[in-house]
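Some notes on the structure that comes next.
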Amino acid sequence: MKSKLRGFDYYLDRRRLKEYKAMPIEKRLTWLYQANVFRKSYPKEIIELQDKFREGKI
């Protein structure tokens with residue numbers, strides 16, 4: 001049996017990772033907080049769909 005790939009993947013080059021690490025921690029945490037607040041405004045169905053996608057169930 002072939003194993004079925006699940007979830008998702010993406011690639012960031014070393015330059016982008018280095019730029020991110022160079023950002024002040026406060027800026028990174030603010031960005032993550034704002035993304036979380038924004039996500040909470042999504043309809044429940046969209047959040048459930050995103051969670052299933054993240055878990056590889058879609």
Side-chain angles (χ1 to χ4, degrees):
M1 276 177 65
K2 289 185 179 181
S3 65
K4 187 175 180 182
L5 295 177
R6 298 187 161 254
F8 63 97
D9 193 14
Y10 60 96
Y11 172 81
L12 295 172
D13 62 31
R14 291 177 189 249
R15 179 186 58 83
R16 297 287 266 178
L17 291 172
K18 190 175 179 180
E19 289 172 358
Y20 181 77
K21 288 180 181 180
M23 270 196 257
I25 190 72
E26 293 84 7
K27 185 173 183 178
R28 288 185 268 165
L29 289 173
T30 299
W31 179 78
L32 290 172
Y33 173 76
Q34 290 172 344
N36 190 40
V37 169
F38 182 69
R39 184 175 186 262
K40 287 182 180 182
S41 69
Y42 287 176
K44 185 178 179 181
E45 297 82 23
I46 298 297
I47 293 173
E48 290 172 356
L49 185 63
Q50 285 180 336
D51 289 342
K52 285 180 183 178
F53 183 72
R54 287 182 179 128
E55 295 168 5
K57 294 181 179 177
I58 293 179

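- Applying the under-4.5 Å side-chain rule to Ile, Leu, Val, Met, Phe, Trp and Tyr, the cluster around V37 extends to Y33.
- Residue pairs meeting the salt bridge (Lys or Arg N to Asp or Glu O under 4.0 Å) criterion with at least one partner in residues 25-39, sequence neighbours excluded, are R39-D51.
- Between the CZ atom of R54 and the CG atom of L49 there is a distance of 10.5 Å, given to the nearest 0.5 Å.
- When the ring pair (Phe, Tyr, Trp, His ring centres under 6.0 Å) test is applied to F38, the partners found at least two apart in sequence or on another chain are Y42.
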Distance-only donor-acceptor hits, side chain of residues 14-23, under 3.5 Å, sequence neighbours excluded:
residue, atom, partner, partner atom, Å
R15, NH1, E19, OE2, 2.8

